[in-house]
Amino acid sequence: MAGTPTARKSSKARATARQKPACARQRDGHADRWNQQVHAHRRRQASVAAVLDQTFGRLAVCSPDLWERRAYLMLVGLVYERLATGEDEIPTDELVALAKILAENRRADARTHENHRAKKADDTTASGTGELPDRFGDIVRQVYGTSFQTSDA
Amino acid sequence: MANGRDTRQIKRIRNEILVALKVVYPAALQARQLTRSLLVLFPTLEFDHVKRDLHYLKEKGYVERVIADPDNDNGLTPWRRRWFRLTTAGMELADRCIQDPALEE
């Protein structure tokens, strides 16, 4: 009912809400603008995350040792930075730095592979009787009629 | 207020740092890259603010510094070129699995 105190109070409350002070209206405006900006930024970041996941996701899961490699960090950081800030050009000095790092990384990988190969070859040679030839046991048996045993056998 | 920033803005910036690091997790971002991406939302942001906030988040255990291989860090790497990554606690906070009143708006 229009004449009841409750009804009078609610219409008064509505009137007060309509006549918000200028500073409150301004604050609301700022909040709205902020929310819109954050929403747009979040959408962009979600797209960046999808791109990064498609590009590096499997690599990151399969090779945890990459997570601290400079080349990997540089690539991810560069992709993120370019996409998140909406810049479409990469300065020449950054490209040069990235190329150098990738080349360095490739050299480091090649060195690591070489070391692994060399170690594997050493292990193969060192297996069995160590420094002795492969058929040394047979020779001992033929000469002395007894089996040759290594100290750790 | 801290360095001309109000509490709300400080919280917003810290939250955005966590969100940005979450996007690249488990990789890391350089402080310089973080600052540039934050400038989209905070055009008046200064690098010193980001540095303070990164230091704060690191002290709280939400962010850690990554010393990229084959870099040798003897403490001389400029702040702008240092890498930072979310810790597990930072990831949980960014995913809203845990809460921190100091970072809630």
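Residue numbers begin at 1 in each chain, while the letters A, B, ... track the order of the sequences.
- At a 4.5 Å heavy-atom cutoff, the contact between Val66(B) and chain A is made by side-chain atoms alone.
- No more than 12 heavy atoms of other residues, nucleotides or ligands shown are found within 6.0 angstrom of CZ on Arg80(B).
- Residues Arg32(B) and Glu81(A) form a side-chain contact, since some pair of their non-hydrogen atoms from C-beta on lies under 4.5 Å apart.
- Using a 4.5 Å heavy-atom threshold, the side chains of Trp83(B) and Met74(A) count as touching.
- In this structure, CG on Leu78(A) lies 7.0 Å from CD on Gln33(B), to the nearest 0.5 angstrom.
- Considering only heavy-atom pairs separated by less than 4.5 Å from chain B, the leading option among Val79(A), Asp53(A), Leu52(A), Leu83(A) is Leu52(A).
- Using a 4.5 Å heavy-atom threshold, the side chains of His41(A) and Glu16(B) count as touching.
- Put simply, the side chain of Val19(B) reaches to within 4.5 Å of the side chain of Arg42(A), judged on heavy atoms.
- Of all heavy-atom pairs spanning Gly77(A) and Leu29(B), the tightest one is CA-CD2, 3.7 Å.
- Only the side chain of Val40(B) comes within contact range of chain A, with heavy atoms under 4.5 Å apart.
- Atom NZ of Lys11(B) has more than 12 heavy atoms from other residues, nucleotides or ligands within 6.0 Å.
- Within the 4.5 Å cutoff, the side chain of Arg82(A) has heavy atoms near those of the Arg36(B) side chain.
- Leu39(B) places none of its side-chain heavy atoms less than 4.5 Å from the side chain of Thr85(A).
- Using a 4.5 Å heavy-atom cutoff, the side chains of Leu41(B) and Trp34(A) are in contact.
- Within the 4.5 angstrom heavy-atom criterion, no atom of Arg44(A) approaches chain B.
- The candidate from Ala27(B), Ser37(B), Pro26(B) with the greatest count of non-hydrogen atom pairs under 4.5 Å with chain A is Pro26(B).
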